[in-house]
Colleague: 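Structure in structure tokens, see below.
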Amino acid sequence: MKRTTGTDRSITNKWRPATRAVRSGTTRSEHGETSEALFLTSGYTYDTAATVAARFAGEATGMQYSRFQNPTVAMLEERIASMDGAEACKVQASGMAAMTSALLCMLSAGDHVVAARAAFGSCRWILSNVLNRFGITHTVVDGRDNAAWEAAIQPNTKVFFFETPANPTLDIVDMAFVCGLARAHGITSIVDNAFATASLQRPLEFGADVVAYSATKLMDGQGRVLAGAICGSADWINNTLSPFQRNTGPVLSPFNAWVVLKGLETLDLRAHKQSENALQVGRFVESRVGHVLHPGLPSFSQHELAMRQMDACGPIFSFVVNGGREAAFAVLDALELVDISNNIGDTKSLACHPASTTHHNMGAEGRAEMGVEEGMIRINIGLEDPLDVIEDLEQALGRAGV
Ligand SMILES: *Cc1c(COP(=O)(O)O)cnc(C)c1O
């Protein structure tokens with residue numbers, strides 16, 4: 001039988017990104033199956049009592065319990081780590097489980113976090129409603145403003161936390177600068193890379209310490225399961241995150257891990273094709289309504305920075321129609337092909353109104369600060385023929401009278 005090479009870093013490190021997405025992490029059972037096996041088991045058995053004792057003592061490797069490890073989950077973790085160029089990865093039950101674990105595993109009362117203003121709503125909620133209760137304070141900055149990051153540092157600052165591109169304004173953070181600044185001050189930078197994934201952007205190459213994901217989005221890519229992941233150094237993952245995770249339990253089910261593992265095999269294709277489609281549809285919308293936010297468009301204020309950090313700019317863009325919420329609702333209601341959905345990263349094109357959905361909780365003032373306008377529509381471009389999506393948007397904009 002051909003040697004299984006998926007976990008041998010001396011081999012996988014030589015592979016190009018598309019190959020890693022298909023092959024890294026694969027370990028085969030004695031049957032030599034082609035497709036990764038689904039180990040739907042919570043526990044394990046042992047030949048002798050001494051075997052299990054050695055594993056619990058940390059003197060021998062091997063499975064103990066699926067809250068700690070699982071063979072299918074381990075394959076996914078190795079594949080994601082390899083794609084990100086990380087020493088190690090742990091996966092979680094959802095993207096929010098990943099964000100919460102990444103923060104809580106390393107913060108204590110009295111610590112301080114600096115976070116970018118443009119962020120997924122629940123990430124902001126954790127800072128204000130969970131960490132605050134335990135005496136962990138934070139400062140919110142405009143992530144695009146390098147000087148603001150520097151000015152927000154306090155003697156007790158432990159973490160920089162941001163996403164790039166950010167939801168839904170697609171703001172870009174200058175990772176080389178901001179992560180470098182963090183390093184210089186002994187601060188850990190955590191980058192939420194859900195919008196891009198390792199296929200389009202690898203934050204560790206720009207000096208990030210920790211990369212966190214909602215794998216629910218582009219990584220699964222077909223709208224099936226919730227999942228999250230965290231990449232970092234072996235030391236941080238093994239000694240800081242893992243003990244927190246195995247005792248608190250926000251682990252990913254082996255079934256969901258298997259679905260994401262298979263999703264990753266087409267990630268490179270999907271992420272690049274959907275990015276191309278988004279550019280094509282984005283150019284049409286720009287010609288029609290003017291105000292489009294997509295890092296891949298030359299009109300985007302941070303276009304050059306985005307192109308320095310990203311291989312392609314992803315499937316998501318936002319645009320603003322005249323006439324506020326009423327006009328945005330009219331456009332969404334008139335769509336015939338594109339679905340109204342707050343999900344992203346799917347192969348199906350999906351559109352939503354951030355002000356009344358994903359960013360509803362932050363209130364009018366918070367939205368105004370973030371640039372989430374009432375007439376804003378966010379759209380995820382899928383794998384349909386982009387000409388059909390353009391035709392649908394054209395008829396919807398026409399019927400909505402914008
Ligand atoms: C969706 C999303 C999350 C949360 O992920 P879930 O899998 O829904 O828990 C976090 N950050 C970003 C940028 C997201 O898009």
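Atoms within a ligand are numbered from 1 in the order they appear, just like the ligands themselves. The analysis underlying the following values was restricted to heavy atoms, covering all of them including side chains, and did not include hydrogens, waters or symmetry mates.
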Colleague: Between ligand 1 and Ser214, is the shortest N or O to N or O distance under 3.5 Å?
Modeller: yes
Colleague: Looking at side-chain heavy atoms only, is the closest gap between Leu38 and Pro254 below 4.5 Å?
Modeller: yes
Colleague: Number the atoms of ligand 1 from 1 as they appear, then name those within less than 4.0 Å of a heavy atom of Phe195, with their elements.
Modeller: 15 (O)
Colleague: Take every heavy atom of Asn167, measure it against each atom of ligand 1, and state whether any distance is under 4.0 Å.
Modeller: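 So Asn167 does not count as touching ligand 1.
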Colleague: Quick one, Asn322 and Val402 - any side-chain contact, counting heavy atoms below 4.5 Å?
Modeller: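 No, every pair of side-chain atoms sits at 4.5 Å or beyond.
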Colleague: Please report which non-hydrogen protein atom sits nearest to atom 14 (C) of ligand 1, along with the residue it belongs to and the distance in Å to one decimal place.
Modeller: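 For atom 14 (C) of ligand 1, the nearest protein heavy atom is Lys217 NZ, 2.9 Å.
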Colleague: Pairing donors with acceptors under 3.5 angstrom, does anything connect the side chains of Arg67 and Ser42?
Modeller: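 Their side chains do not contain a donor-acceptor pair, so the 3.5 Å distance test is not met.
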Colleague: Just to confirm my output: which protein heavy-atom neighbour is closest to atom 12 (C) of ligand 1, and how far is it?
Modeller: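 Among all protein heavy atoms, the one nearest atom 12 (C) of ligand 1 is Asp192 OD2, 3.4 Å.
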Colleague: Side chain, backbone, both or neither: which applies to Met96 and ligand 1 if a contact is any heavy-atom pair less than 4.0 Å apart?
Modeller: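 Met96 to ligand 1: contacts from backbone and side chain alike.
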Colleague: Check for me whether the distance between the ring centres of Trp149 and Phe162 falls short of 6.0 Å.
Modeller: yes
Colleague: Under 4.0 Å from any heavy atom of Ala194, which atoms of ligand 1 are there?
Modeller: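 So the answer, numbered in order with elements, is 12 (C), 13 (C).
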Colleague: Decide yes or no on salt bridge (Lys or Arg N to Asp or Glu O under 4.0 Å) for Asp333 and Arg399, but give the supporting numbers first.
Modeller: CA-CA 10 Å; Asp333 291 346; Arg399 272 167 59 197; over 6 Å; no
Colleague: Check for a donor-acceptor pair, side chain of Arg288 on one end and backbone N or O of Glu394 on the other, with a separation under 3.5 Å.
Modeller: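 Judged by distance alone, no pair lies under 3.5 Å.
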Colleague: Return the closest protein heavy atom for atom 6 (P) of ligand 1 as residue, atom name and distance.
Modeller: Gly95 N, 3.3 Å
Colleague: Is the closest side-chain donor-acceptor distance between Glu384 and Ser349 under 3.5 Å?
Modeller: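 Indeed, the side chains of Glu384 and Ser349 share at least one donor-acceptor pair under 3.5 Å.
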Colleague: Check each atom of ligand 1 against the heavy atoms of Glu163 and keep those under 4.0 Å away; list them by number with element.
Modeller: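 Counting from 1, the qualifying ligand atoms are 13 (C).
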Colleague: Which of the atoms in ligand 1, numbered in the order shown and given with their element, are less than 4.0 Å from a heavy-atom of Ser94?
Modeller: 7 (O), 9 (O)
Colleague: Scan side-chain atoms only and decide if Arg378 and Asn167 contain a donor-acceptor pair under the 3.5 Å cut-off.
Modeller: yes
Colleague: Among all protein heavy atoms, pick the one closest to atom 7 (O) of ligand 1 and tell me residue, atom and distance.
Modeller: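 For atom 7 (O) of ligand 1, the nearest protein heavy atom comes out as Thr216 OG1, 2.5 Å.
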Colleague: Using a strict 4.0 Å cut-off to heavy atoms of Ile344, name the atoms of ligand 1 that fall inside it.
Modeller: 15 (O)
